[in-house]
Amino acid sequence: MLTHFIGGQPVAAGTTFPVHDPVTGAVAGQAHEADPEVVDRAVRAARQAARDWSSMPVGERAGWMRRLAEGIEARFDDLVAAEIADTGKSLEQTRTLDIPRGIANFRAFAEIAAQRPEDAFHLSGMLSYTVRRPLGVVAVIVPWNLPFLLMTWKLAPALVAGNTVVVKPSEHTPGSAAVFAEICAEAGLPPGVVNIIFGYGSAGQLLVEHPGVDAVTFTGSTKTGSTIMKSVADRVKPISFELGGKNAGIVFDDAGLDRAVEGTAKSVFTNGGQVCLCTERMYVQRSIFEDFCAALAVRAQEVELQPMISAEHREKVLSYYALARSEGAKMRAGGSVPLFGDHRDSGYFVEPTVVTGLSEWSRFNREEIFGPVCHVAPFDSEAEAIDLANGSEYGLAATVWTAGLDRAHRVAQRLEAGLVWVNTWYLRDLRTPFGGVKLSGIGREGGTRSLDFYSEPTTITIKLEQHDA
Ligand code: NDP
């Protein structure tokens, strides 16, 4: 039974809810569900810890971040097991991406914060400089697709900037957050600096609305982001939103078919397509369109399957497969549910799917599906490819596949997206800005941009009297 973590202690309060194993669909565990009293207790604990934590020198807080990274290393296998139990991810991905990124997040932000210069301007007769103050108590709301990676991505900069936090992970993935609570306790982190509460979206809603919460950082769907925005509007709380995507990929005929297909397969099927950065719309130069579709369809059939997170999400993805069929699409690969003949048949799997033949205006091509699926359409000119890629309400990420250096820069700079990859996908330097435009988010996190969000500058100006010596 997973308990909340409040004021440095496990708290077994509130009713409980089941957590399912997506590989089999069976109930794999239970967690306590935060009610208004639990949420209030967590926020109060965070407020109580805020004074000492915020006045600690940043170098000391950076030291705590390094200790948490060491704690994650020490509990690496437990975190891997918890993450796999909740999500059905592969051991390979969890060991090489999800949990190592948690370590990297704490180490990176320890360095970035400790080395960050402040602004100072010395003009004749005055000195203006800034100090940055933490926001206070930050609500951290994260989704289920990369639970540990995304939680630590927000926690590390929020904490090192001097905030205390209350985290609400997704109802589907409380496991790695529960292990992290133990890591905080084992490291001796001051009580109340990190508080973790479990529950459904309603617990998240209570948290963001709580008057003791000073700011909200949220990664999740655009719909929930919009709800949160309305909830915090009256108190004008700062928000940082990393939201959904309908990401485009463009393949030019000079890209090298094998490289483009391999990279596209990764960008479409990784994590069962359940990454906000995954590609769902491909545009391929007409001369290689048929070859590309055929090769991608082959790759789709070779993918190691990962379940969708829940029965509900699987139904959603399958409803888009059905929609594509009803609109006359050609299913180049997949399109239904795989049969294993074992315990996985009651799990939440769908087939990796490649679709062609739909209009740009179809719901399939406009709405985020968040599964292992993409639509592929041909284009004739560079200008057309850019227009097609930009023809979305979302603007999180895009990929460009070409051998042309000039073209790579030209196209990348015209794409309406927060992130553009050329001849690769998902490579990240944690110091660079991360986030989306249009319906894909508000603000940027990453490097000093995260610290900008998690703290507010105060400008101090001192008049300097001129004296003759
Ligand atoms: P949701 O928006 O459904 O949920 C995200 C989190 O918000 C969960 O913890 C959820 O709890 C909680 N929540 C739900 N309703 C509320 C509410 N009214 N107030 C406060 N919190 C609430 O997203 P998913 O979990 O389904 O995640 C998938 C989405 O996340 C996709 O759209 C994807 O694109 C996006 N995403 C964006 C990323 C980015 O960096 N831009 C990265 C990764 C994912 P519960 O789960 O318990 O309902």
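Atoms within a ligand are numbered from 1 in the order they appear, just like the ligands themselves. Below, each value reflects all heavy atoms present in this structure, side chains not excepted, and no hydrogens, waters or symmetry copies.
In terms of protein heavy-atom proximity, atom 16 (C) of ligand 1 is nearest to T224 CG2, 3.3 Å. Nearest protein heavy-atom neighbour of atom 41 (N) of ligand 1: L243 O, 2.6 Å. In terms of protein heavy-atom proximity, atom 36 (N) of ligand 1 is nearest to C276 CB, 3.5 Å.
The number of heavy atoms from other shown groups lying within 6.0 Å of CZ (R132) is above 12. The local environment of CZ in R41 is sparse, with at most 12 non-hydrogen atoms from other residues, nucleotides or ligands closer than 6.0 Å.
W421 and Y426 have parallel rings, their planes meeting at less than 30° on a 0 to 90° scale where 60° marks the start of perpendicular. Below 30°, between 30° and 60°, or above 60°: for W53 and W64 the angle between ring planes is between 30° and 60°, a tilted geometry.
With no hydrogens or angles considered, no side-chain donor-acceptor pair links Q274 and T87 at under 3.5 Å. Residues D86 and H172 have side chains that never bring a donor and an acceptor to within less than 3.5 angstrom of each other. With 3.5 Å as the limit, one finds no donor-acceptor pair spanning the side chains of T353 and Y320. Between the side chains of S359 and S362, no donor-acceptor pair is found at a separation under 3.5 Å. For E351 and S336, the side-chain atoms include at least one donor-acceptor pair closer than 3.5 Å. No hydrogens or angles considered: nothing links the side chains of Q205 and Y200 as a donor-acceptor pair under 3.5 Å. Counting only N and O atoms by type, the side chains of T227 and K223 include no donor and acceptor under 3.5 Å apart. At a cut-off of 3.5 Å, with distance as the only test, no side-chain donor of T16 or E33 sits close to an acceptor on the other residue. Under the 3.5 Å distance criterion, with hydrogens and angles disregarded, a donor-acceptor pair is assigned to the side chains of S176 and E83.
Between E171 and ligand 1, at least one pair of N/O atoms sits closer than 3.5 Å. Ligand 1 has no nitrogen or oxygen under 3.5 angstrom from a nitrogen or oxygen of H172. Taking only nitrogen or oxygen atoms, main chain and side chain alike, V142 reaches within less than 3.5 Å of ligand 1. Some N or O of K168 is nearer than 3.5 Å to an N or O of ligand 1, by distance alone. Looking at ligand 1, you won't find any N or O of T222 less than 3.5 Å from one of its N or O atoms. Inclusion of E368 in the set of residues having an N or O under 3.5 Å from an N or O of ligand 1 is warranted.
Counting the atoms of ligand 1 from 1 in the order shown, those under 4.0 Å from a heavy atom of F434 are 40 (O). Atom numbering of ligand 1 starts at 1 in the shown order; those under 4.0 Å from a heavy atom of Y200 are 47 (O). For ligand 1, the atoms closer than 4.0 angstrom to any heavy atom of P143 are 24 (P), 25 (O), 27 (O), 44 (C). The G199 neighbourhood of ligand 1 comprises atoms 47 (O), with distances under 4.0 Å to a heavy atom of that residue. Residue contact check: I141 has heavy atoms under 4.0 Å from atoms 6 (C), 7 (O), 9 (O), 12 (C), 21 (N) of ligand 1. The atoms of ligand 1 that sit less than 4.0 Å from any heavy atom of N145 are 43 (C), 44 (C). For ligand 1, the atoms sitting less than 4.0 Å from at least one non-hydrogen atom of G204 are 19 (N), 20 (C), 21 (N), numbered in the order shown with element in parentheses. For ligand 1, the atoms lying closer than 4.0 Å to a non-hydrogen atom of T219 are 5 (C), 36 (N), 37 (C), 38 (C), 39 (C), 40 (O), 42 (C), 43 (C), 44 (C).
For the pair K154 and F434, the cation does not sit on the ring face, since its NZ or CZ is not both under 6.0 Å from the ring centre and inside 45° of the axis.
Only the side chain of I228 comes within contact range of ligand 1, with a heavy atom under 4.0 Å; no backbone atom does. Neither the backbone nor the side chain of L146 comes within 4.0 Å of ligand 1, counting heavy atoms alone. Contacts with ligand 1 closer than 4.0 Å are made by no heavy atom of S231, backbone or side chain. Counting heavy atoms closer than 4.0 Å to ligand 1, residue V275 contributes nothing at all. Heavy atoms of L150 found under 4.0 angstrom from ligand 1 belong exclusively to the side chain.
Look at G441 and you'll find every heavy atom at least 4.0 Å from all atoms of ligand 1. Residue-ligand proximity: F218 is placed with a non-hydrogen atom under 4.0 Å from ligand 1.
Heavy-atom proximity to atom 30 (O) of ligand 1, evaluated over G225, G220, S202, is greatest for G220. If you check each of F370, W153, F198 against atom 28 (C) of ligand 1, the one with the closest non-hydrogen atom is F370.
Applying the salt bridge (charged side-chain N to carboxylate O under 4.0 Å, His left out) test to pairs two or more places apart or on separate chains, those with a residue in residues 260-271 are E262-R299.
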